[in-house]
Amino acid sequence: KNQVEQSPQSLIILEGKNCTLQCNYTVSPFSNLRWYKQDTGRGPVSLTIMTFSENTKSNGRYTATLDADTKQSSLHITASQLSDSASYICVVSASNNNDMRFGAGTRLTVKP
Amino acid sequence: KAGVTQTPRYLIKTRGQQVTLSCSPISGHRSVSWYQQTPGQGLQFLFEYFSETQRNKGNFPGRFSGRQFSNSRSEMNVSTLELGDSALYLCASRGQNTGELFFGEGSRLTVL
C-alpha cells in the first residue's frame, strides 16, 4: 500500500530556533514530492516541489531535501518565526501524477 | 488571477440533512478534487473531476457525491449527514503543466 508517514506528529519550538520535519514514503513509482503549509482554518499552500533528480530546494527560510534511494524527505525551517506556526503536509505523487498520497502532517507551534 | 473559491465558508446542519458545497477553480484549470480534513486524520481524498468526468474516487460511502459543470465549477453533496461528517472540506484545482494542487480556503461543516 502506498503510504506517506510524517514525524513528529507535533512540535513546539522557541522563536528563532531551527527545526526539521520528516517525511518517509513508500509511493512507487515516484514522481514528485511536495511540502504544503496549512495555517489553522485555511487551505494548504505549496512550499516546495521536488522531483526524482533533485536533492535540495530552498524557499526562503524553508529548505527541503529528498533522498529518493531511502524514500525520505525533510523540511528544514531556519530562524523560526511566530508565523511559521502551522501544519506542514507532505504529499507524494506517483508517476502518473493522478495518484497523490498525503501525510497526516506535522503540527508546528512556534512560541515567543 | 483569482484563486480557488469555496462557498459557503461555514455552515451548520443537523443529522439526517443534506449539504451541497461549491468550488470554483482557478481559471483554466480543468481538474478539481475534494478532500475531507478532520483533526488528527489529515487530508482524506474524496474524488477528482476532470472535464465533467469523475476520474478518481476515494474510500467514502455513497452518501458523498460530486459533479463538475462545463465551466469546471464543481459541487459536492453529502446526504443523510452524520455527526462524523463534521470536518473541513477542501477543494483543489490542479495546474495541468505542473500538476500542483491549489487549495481553496475550505468549507467548515458542523453537524449537530
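Note on naming: letters A, B, ... go to the chains in the order of the sequence lines (proteins, then strands), and numbering restarts at 1 for each one. Here the structure is a predicted model, which is why all the values come from computation and not from measurement.
Considering T20(B), L46(B), L21(B), V19(B) as possible partners of V78(B), the one that fulfils the side chain to side chain contact (heavy atoms under 4.5 Å, CB included) test is V19(B). Of the residues listed (D84(A), T48(A), T78(A)), the one engaging Y62(A) in a side-chain hydrogen bond (donor to acceptor under 3.5 Å, both in side chains) is D84(A), and it is the only one.
Of the two parts of F50(B), neither the backbone nor the side chain holds a non-hydrogen atom closer than 4.5 Å to a non-hydrogen atom of chain A. For Q37(B), the part lying near chain A is the side chain, with the backbone staying farther off; criterion is any non-hydrogen pair under 4.5 Å. Using a 4.5 Å cut-off between heavy atoms, Q9(A) makes no contact with chain B at all. Proximity to chain A is limited to the side chain of L90(B), based on heavy atoms less than 4.5 angstrom apart.
Ranked by heavy-atom pairs under 4.5 Å with chain B, the list P44(A), S46(A), G103(A), G105(A) is led by P44(A).
With contacts defined as side-chain heavy-atom distances shorter than 4.5 Å, the pair L33(A)/Y25(A) qualifies.
Not one N or O on the side chain of T38(B) forms a donor-acceptor pair closer than 3.5 Å with the backbone of A87(B).
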Stepwise ring-ring contact (aromatic ring centres under 6.0 Å, His included) check, F60(B) with F45(B): CA-CA 9 Å; F60(B) 278 81; F45(B) 172 72; 8.8 Å; no
